[in-house]
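Notes follow once the structure below has been shown.
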Amino acid sequence: MSENKEIRTRFAPSPTGYMHIGNLRTALFTYLIAKSQPNGKFILRIEDTDQTRKVDGAVDIIYNTLKNVKLFHDEGPDIGGPYGPYVQSERKEKGIYAEYAHKLVELGGAFYCFCNKDDEEEIDDASDVSSNEKAKFAKQNDPCRKISLDEAKKRIANGEKYVIRQKIPAGRTSFTDVVYGKIEVDNKTLDEGIMLKSDGFPTYNFANVIDDHLQNITHVVRGNEYLSSAPKYNILYKAFGWEPPVYIHLPPVMRDANHKLSKRNGDASFEDLVAKGYLPEAILNYIALLGWHPEGEQEIFSLDDLLKVFSIQRISPSAAIFDIEKLTWMNGVYIRALDLNSFNDLAMPYYKQVIHSNIDFLFLSKMLHDRVEVLGAIPEMIDFIDSLPENYDLELYTHKKMKTDKDISLKALQEAKSAFENINDSDWNDAKIHDVIMDLVAKLEWKNGQVFWPIRVALSGKQFTPGGAVEIANILGKTETLKRINLGIERLSNS
RNA sequence: GACCCUAUCGUCUAGAGGCCUAGGACAGGAGGCUUUCAAUCUCCUAACAGGGGUUCGAAUCCCCUUAGGGUCGCCA
């Protein structure tokens with residue numbers, strides 16, 4: 001591998017639905033490996049050779065997700081480039097795969113196979129030896145292997161259906177993966193898999209090698225589920241006389257110790273996380289730490305930071321479990337780092353879900369900013385502003401640490417009521433409300449909490465709220481505050 | 001079943017044979033601050049899967065066992 005050659009990596013998803021977190025992490029690492037180098041190029045290629053699995057709109061999800069996390073590609077279907085087309089079905093239309101598949105047969109690296117699917121399935125279903133039989137069939141025991149090239153060509157000319165299978169030579173194959181080191185296998189364990197299907201489409205196993213070579217990909221980054229088939233790809237490169245790329249297989253991202261993150265597990269999709277109120281930057285930062293670790297102890301990294309510190313050598317070979325708790329914490333860090341106006345803008349849609357009156361939203365944001373970890377949690381935190389929870393539990397008035405009970409609370413509310421009534425409408429603000437309550441505390445010779453706590457409960461009907469009595473009273477306004485205090489007095493008197 | 005890969009606190013991880021009494025972060029616990037909850041600060045709990053080697057010395061190297069993951073599709 002000549003070192004002055006520019007690094008070219010490709011992210012090559014199949015358009016089959018959601019973009020899950022494991023996928024996104026592969027995209028991130030693929031991007032970083034290329035773009036952390038001076039002239040690196042990050043290419044997007046769509047692998048849609050399985051037309052039956054194609055899902056409408058899936059390509060847009062891929063574009064949108066990459067855009068959302070600012071993983072911009074240098075070449076791809078939407079922006080073109082010198083190695084197009086970048087969609088495999090379009091490349092198939094140009095005859096690229098067929099050309100190379102037939103060439104591979106001529107080179108002795110593949111053969112025509114006329115067995116039809118049903119034959120194989122019969123063998124498969126036949127008896128208890130079936131699986132063994134099937135394995136033998138695939139591993140260098142295909143009867144079609146013996147058909148001469150001339151004979152095969154004749155049968156093809158006669159219109160017989162065929163596939164092209166890879167021919168595995170005897171011996172051993174080894175390659176070196178940057179993450180997993182040297183891997184060597186006996187060729188006997190390798191399958192002579194299908195390269196070109198009977199419908200003329202290539203399989204992944206063939207298309208990825210052809211495209212990676214034709215598109216000059218220097219570093220192949222992919223999940224380690226491909227580690228087992230990598231030797232077959234190497235044999236392919238060898239048969240064509242091509243130089244294999246640098247392999248970088250990534251450890252899996254798991255949902256728990258025994259299960260890989262999958263599209264089935266709804267939470268794992270990038271879109272779902274964003275919908276729940278996770279910031280794209282936080283998600284990206286978090287997944288960067290799954291299977292990779294920087295040299296120091298810093299954990300918060302912008303994409304630009306990552307570009308500076310990323311190194312392939314620090315990718316770990318072992319699986320990582322996706323931990324939503326840590327992501328949540330990190331999301332909080334990102335939210336707190338926002339300036340107040342940005343936070344206000346991001347929070348606004350969530351405010352609107354539960355608040356229909358016109359309040360001082362910026363003041364609300366000031367209260368919430370430091371205590372929100374996930375934006376999606378906002379509605380539940382502030383829904384009491386629009387309407388007091390009906391029949392909230394009166395036990396809330398009893399709080400050991402605050403030294404309050406229902407009797408003290410009743411008295412506190414009654415005192416607060418008259419104190420508040422004496423505040424002029426134009427004086428209704430943070431400082432004034434605070435002073436009035438503190439005066440009350442002094443007058444009663446009580447502890448702060450014995451006055452603050454009952455007021456907060458009466459105003460919110462909740463155990464926890466963003467902000468205390470003063471802030472809530474300020475947001476609610478004088479009229480609504482007094483209304484809720486009156487209701488509290490009424491309910492406490494009748495209990 | 002065959003082949004490949006992996007194995008440090010509950011979780012993400014640091015650790016390239018002596019810097020390890022194993023470090024950091026999340027989570028958990030205790031406390032400070034505080035009008036609630038947070039934020040923040042201080043402190044604490046908690047791990048080298050097991051067994052053999054190699055070596056003066058092993059979390060680190062080798063082997064075996066165990067556990068887990070992956071591949072074995074006209075899926076990618």
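Predicted, not measured: the structure shown is a model, and the values here were computed from it. All chains are named by letter (A, B, ...) in the order of the sequence lines, taking the proteins before the strands, and each is independently numbered beginning at 1.
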Ring-on-base stacking B:U35 with A:Phe452 (under 5.5 Å, under 30°) | yes
For B:C75, take OP1 and OP2 only and decide whether either is under 4.0 Å from a side-chain N or O of A:Lys197.
-> yes
What about A:Phe310 and A:Trp292, are their ring centers closer than 6.0 Å?
-> yes
Checking N1-N3 plus N6-O4 or O6-N4 for Watson-Crick, or N1-O2 and O6-N3 for wobble, each under 3.5 Å, the partner of B:C26 is B:G10
Nucleotide paired to B:G68 in any strand shown, Watson-Crick or G-U, under 3.5 Å | B:C5
Would you call A:Phe301 and A:Glu281 a side-chain contact if the rule is heavy atoms closer than 4.5 Å?
-> no
Out of B:U35, B:G70, B:G73, which nucleotide sits closest to the side chain of A:Glu471?
-> B:U35
Report yes if at least one side-chain N or O of A:Arg314 is closer than 4.0 Å to OP1 or OP2 of B:G15; otherwise report no.
-> yes
Does A:Arg336 put a side-chain nitrogen or oxygen below 4.0 Å from OP1 or OP2 of B:U40?
-> yes
Does B:U55 have a Watson-Crick or wobble mate here (both distances under 3.5 Å), and if so which one?
-> none
Hey, does the side chain of A:Thr189 come within less than 4.0 Å of B:C72's phosphate (OP1/OP2), counting only N and O?
-> no
N/O donor-acceptor pair, side chain A:Ser198 with base B:C74, under 3.5 angstrom | yes
Any cation-pi pair here, A:Lys92 with A:Phe201, using under 6.0 Å and within 45°?
-> yes
With A:Glu192 as partner, the option from A:Lys167, A:Arg145, A:Arg165, A:Lys232 fulfilling salt bridge (charged side-chain N to carboxylate O under 4.0 Å, His left out) is A:Arg145
For B:U40, the Watson-Crick or wobble partner whose two distances fall under 3.5 Å = B:G32
Complementary nucleotide of B:G17, counting Watson-Crick and G-U pairs under 3.5 Å | none
